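Quantities reported herein were computed from a predicted structural model and do not represent experimental measurements. The figures that follow rest on heavy atoms only: side chains count, while hydrogens, waters and symmetry mates do not. In what follows, chains carry the letters A, B, and so on, assigned in the order in which the sequence lines appear, proteins first and then strands, with residues in each chain numbered from 1.
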Amino acid sequence: IAGITQAPTSQILAAGRRMTLRCTQDMRHNAMYWYRQDLGLGLRLIHYSNTAGTTGKGEVPDGYSVSRANTDDFPLTLASAVPSQTSVYFCASSDYAGGPYNEQFFGPGTRLTVL
Amino acid sequence: QKEVEQNSGPLSVPEGAIASLNCTYSDRGSQSFFWYRQYSGKSPELIMFIYSNGDKEDGRFTAQLNKASQYVSLLIRDSQPSDSATYLCAVNMRAWDYSGGSNYKLTFGKGTLLTVNP
């Protein structure tokens with residue numbers, strides 16, 4: 001069982017380019033999340049999806065979009081990358097987001113550098 | 001602004017000692033609390049969760065919760081060099097969306113760097 005996989009592991013991207021970070025989970029979790037982690041700022045929620053077909057905005061959604069066509073996949077797209085989007089991106093999932101007792105599990109992360 | 005506060009550290013303890021990591025949170029209605037461990041260059045790994053006031057023990061780890069004081073802590077007994085990592089406190093807080101519905105989101109502290117010296 002892989003849990004959560006993310007691709008690519010790392011990427012260097014020119015500013016202005018479009019980039020999609022991939023996330024797949026095999027735990028049949030209903031909810032999925034995208035975070036970015038920056039030194040001194042901690043983990044911040046970008047977008048989330050409580051169930052397939054629905055998405056919502058987190059704390060720092062600008063410049064990012066997501067889709068949730070099925071239970072397993074939750075890609076994150078940067079339409080036109082800017083240097084401030086240089087970060088480590090983590091995908092996470094949890095069984096259920098409607099109640100308070102939802103433990104989240106994290107993927108291995110994608111290290112993105114925008115030049 | 002709902003917040004989770006942790007001392008950034010670094011917290012340095014000798015091998016075999018008890019490491020005490022602390023966290024306070026602002027949302028009095030929070031019901032669930034999590035501790036994640038993150039090694040350098042790796043992803044956060046869930047190590048403990050606690051829902052009720054009091055202590056919860058799992059091996060060398062004890063989570064303590066005091067909802068009245070809005071305080072949660074993690075004790076690591078018999079600390080080992082392999083415990084050296086950043087420990088993230090996370091609190092599940094209720095969030096309201098534009099349609100009036102609600103769900104729960106984890107709010108993370110910025111983490112405490114723990115170093116266990118051999």
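Other residues, nucleotides and ligands contribute only 12 or fewer heavy atoms inside 6.0 Å of the CZ atom of Arg111(A). Other residues, nucleotides and ligands contribute only 12 or fewer heavy atoms inside 6.0 Å of the CD1 atom of Ile18(B). Other residues, nucleotides and ligands contribute at most 12 non-hydrogen atoms within 6.0 Å of the CZ atom of Arg17(A). Few gaps surround CG on Asp27(B); more than 12 heavy atoms of other groups in view lie less than 6.0 Å from it. A 6.0 Å sphere centred on CG of Leu39(A) holds no more than 12 heavy atoms belonging to other residues, nucleotides or ligands. By the neighbour-count criterion of 12 heavy atoms within 6.0 Å, atom NZ of Lys57(A) is sparsely surrounded, having that number or fewer from other residues, nucleotides or ligands.
Grouping the Ile, Leu, Val, Met, Phe, Trp and Tyr side chains by contacts below 4.5 angstrom, directly or via other members, places Phe49(B) with Phe105(A). Hydrophobic clustering (side-chain heavy atoms under 4.5 Å, transitive across Ile, Leu, Val, Met, Phe, Trp, Tyr) groups Trp35(B) together with Tyr25(B). Linking Ile, Leu, Val, Met, Phe, Trp and Tyr residues whenever their side-chain heavy atoms come within less than 4.5 Å places Val114(A) and Ile46(A) in a single cluster.
Within the 4.5 angstrom heavy-atom criterion, only side-chain atoms of Tyr36(B), from C-beta onward, approach chain A. The contact between Leu106(B) and chain A is made by backbone and side chain atoms together, counting heavy-atom distances below 4.5 Å. For Gln6(B), no part lies under 4.5 angstrom from a heavy atom of chain A. With a 4.5 angstrom heavy-atom cutoff, Leu45(A) touches chain B only via side-chain atoms.
Rounding to the nearest 0.5 Å gives a distance of 8.0 Å between CG of Asn92(B) and OG of Ser94(A). To the nearest 0.5 angstrom, Gln37(A) atom CD is 8.5 Å from Thr86(B) atom OG1. Between Glu59(A) atom CD and Phe108(B) atom CZ the span is 11.5 Å, to the nearest 0.5 Å. Atom CD of Gln6(A) sits about 8.0 Å away from atom OG of Ser43(B), to the nearest 0.5 Å.
Counting heavy-atom pairs closer than 4.5 Å to chain A, the top residue among Pro44(B), Ser8(B), Ser32(B), Ser30(B) is Pro44(B). Ranked by heavy-atom pairs shorter than 4.5 Å toward chain B, the options Pro108(A), Gly109(A), Gly42(A) are led by Pro108(A).
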For Phe106(A) and Glu45(B), what are the C-alpha separation, side-chain angles and deciding distance, and is it a side chain to side chain contact (heavy atoms under 4.5 Å, CB included)?
CA-CA 7 Å; Phe106(A) 283 77; Glu45(B) 173 194 9; over 6 Å; no
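Pairing each heavy atom of Phe90(A) with each of Lys42(B), the nearest pair is CZ-O, 3.8 Å.
Between Lys105(B) and Tyr48(A), some side-chain heavy-atom pair lies under the 4.5 Å cut-off.
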